[in-house]
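Sequence positions, counted from 1, serve as the residue numbers for this chain.
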Amino acid sequence: MTLEVNDVCILKSDNLRDNRQSKLSLESKEEAYVRTPVIRYSIPAVDSPQRESSTFRSVSASILASILRDRSRCLQLIIFDCRYPFEYFGGHIKGAINIYSLDELEKYLFDEFGVKRTMVGLLPIFYCEYSQVRGPAMARRLRKIDTHRNNHRALDFPEIYLLDKGYVNFWTELGNRDLCDPRYYVSMHARPYKHALRQYTQHHRSKSSANGHKKNQMRVFSAEFLLEEDQEIQEEETQTPRARLDF
């Protein structure tokens, strides 16, 4: 049987729709497993967040900035930047911890006895570039770890937050740039860092481990290395309003 062009387009459309539905179904199952208990949140949430979730609440860039400036609020935050190191060193929220591996998150917060003493009572806030994929995934992972470790009883981190619309939105608000270190923004897909992005197996189309090949080793980038290599991106992006520096 010969398929016409229109038939092929319909089949492709159906496949894309099935893939999206499958992904949404998987996320729904995970959400059901790691559902947040009914609690009163300490930080005002966004009314219409870009990512609805039962495991975390979304906080706006302006609210987070006001909390970081107002020490009298006595909120003990721990901010996780879930972007890759070259993005993080290119500019992040001051004080944010760079955790981009799901496995490393558990090692950072917990030990064999449970939550680390220095982490007790902290309010975790996650973000990535747009807080669409990596940030929400990390927030869900924390809820899952916490629920499993406490056998579905009282949680160590009952409040989990996501920075709505991510670092790019935080950076775009000019009044927030003094809270960024350095005062800059490097996109995940910035051309000068294509070689760096390829180091991370999350972005390989084929899983090398499934084929019996060794995984590519991840390079560790220092802030100095990345900012020295930054000449090209500065020349490109200073032409756009969102990347114009305000020193």
Side-chain angles (χ1 to χ4, degrees), residues 27 31 34 36 41-70 73 75-106 108-109 119 122-146 157-190 193 196-197 200 202-203 221 223 226 242-243:
E27 286 189 0
E31 292 273 329
V34 297
T36 300
Y41 278 76
S42 306
I43 302 175
V46 175
D47 291 331
S48 300
Q50 65 171 350
R51 290 303 301 262
E52 293 282 357
S53 176
S54 61
T55 65
F56 55 79
R57 293 293 181 270
S58 292
V59 59
S60 69
S62 57
I63 290 293
L64 177 57
S66 68
I67 293 172
L68 294 176
R69 296 183 195 284
D70 186 3
R73 298 185 70 167
L75 290 176
Q76 299 297 311
L77 308 180
I78 181 166
I79 304 176
F80 290 105
D81 186 316
C82 306
R83 299 173 302 156
Y84 300 128
F86 68 91
E87 299 172 84
Y88 174 82
F89 286 124
H92 58 270
I93 296 174
K94 287 183 178 179
I97 308 299
N98 187 210
I99 300 287
Y100 59 93
S101 163
L102 294 172
D103 295 330
E104 288 301 316
L105 179 66
E106 183 170 11
Y108 190 86
L109 294 173
M119 304 296 168
L122 297 180
L123 303 179
I125 299 179
F126 295 90
Y127 72 85
C128 54
E129 186 170 7
Y130 297 98
S131 289
Q132 287 278 22
V133 178
R134 293 175 288 176
M138 200 74 76
R140 288 195 298 269
R141 174 56 66 92
L142 174 56
R143 177 67 73 216
K144 190 171 184 178
I145 294 169
D146 202 355
F157 299 98
E159 297 183 51
I160 298 178
Y161 297 90
L162 178 75
L163 175 59
D164 195 54
K165 301 177 183 176
Y167 180 76
V168 63
N169 185 58
F170 190 90
W171 163 261
T172 300
E173 295 188 19
L174 299 181
N176 294 340
R177 293 190 180 180
D178 63 306
L179 296 172
C180 299
D181 182 27
R183 297 185 185 185
Y184 198 56
Y185 158 51
V186 171
S187 170
M188 182 175 75
H189 295 290
Y193 303 116
L197 183 59
Y200 301 94
Q202 293 92 326
H203 289 272
F221 297 90
L226 287 168
R242 76 173 185 181

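Cation-pi contact between Arg140 and Phe126: absent, since separation from the ring centre below 6.0 Å together with deviation from the ring axis within 45° is not met. A cation-pi geometry, defined here as NZ or CZ lying under 6.0 Å from the six-membered ring centre and within 45° of its normal, holds between Arg83 and Tyr167.
Closest non-hydrogen pair, Val133 versus Arg51, comes out as N-NH1, 4.3 Å. The heavy-atom pair separating Phe86 from Ser187 by the smallest distance is CE1-O, 4.0 Å. In terms of heavy atoms, Val59 sits closest to Pro44 at CG2-O, 4.1 Å.
Arg143 contributes a side-chain N or O that, together with a main-chain N or O of Phe157, makes up a donor-acceptor pair within less than 3.5 Å.
You'll find the side chain of Leu142 reaches within 4.5 Å of the side chain of Ile160, heavy atoms only. Two residues are said to be in side-chain contact when any heavy atoms from C-beta on lie closer than 4.5 Å; Ile125 and Ile43 meet this criterion. Annotation: side chain of Asp164 is not in contact with side chain of Asn169 (no heavy-atom distance under 4.5 Å).
Rounding to the nearest 0.5 Å places OG1 of Thr55 at 9.0 Å from CG of Leu162. Here NZ of Lys144 is found 13.5 Å from CG of Leu105. Values are rounded to the nearest 0.5 Å. Of the inter-residue distances, the one linking Leu163 atom CG with Ile63 atom CD1 reads 11.5 Å to the nearest 0.5 angstrom. If you take CH2 on Trp171 and CG on Asn176, they are separated by 10.5 Å, rounding to the nearest 0.5 Å. Considering OH of Tyr41 and CG of Leu123, their distance stands at 10.5 Å, rounded to 0.5 Å.
Glu159 and Tyr161 are linked by a side-chain donor-acceptor pair at a separation below 3.5 angstrom, with hydrogens and angles left out of the test. Ser131 and Gln50 are not linked by any side-chain donor-acceptor pair at a separation below 3.5 angstrom, with hydrogens and angles left out of the test.
Put simply, the residue from Cys128, Ser101, Cys82 that forms a side-chain contact (heavy atoms from CB on, under 4.5 Å) with Met138 is Cys82.
Contact check on Arg134 versus Glu87 returns a salt bridge, with a Lys/Arg side-chain nitrogen under 4.0 Å from an Asp/Glu carboxylate oxygen. A salt bridge links Asp178 with Arg69: the closest approach of a Lys/Arg side-chain nitrogen to an acidic carboxylate oxygen falls below 4.0 angstrom.
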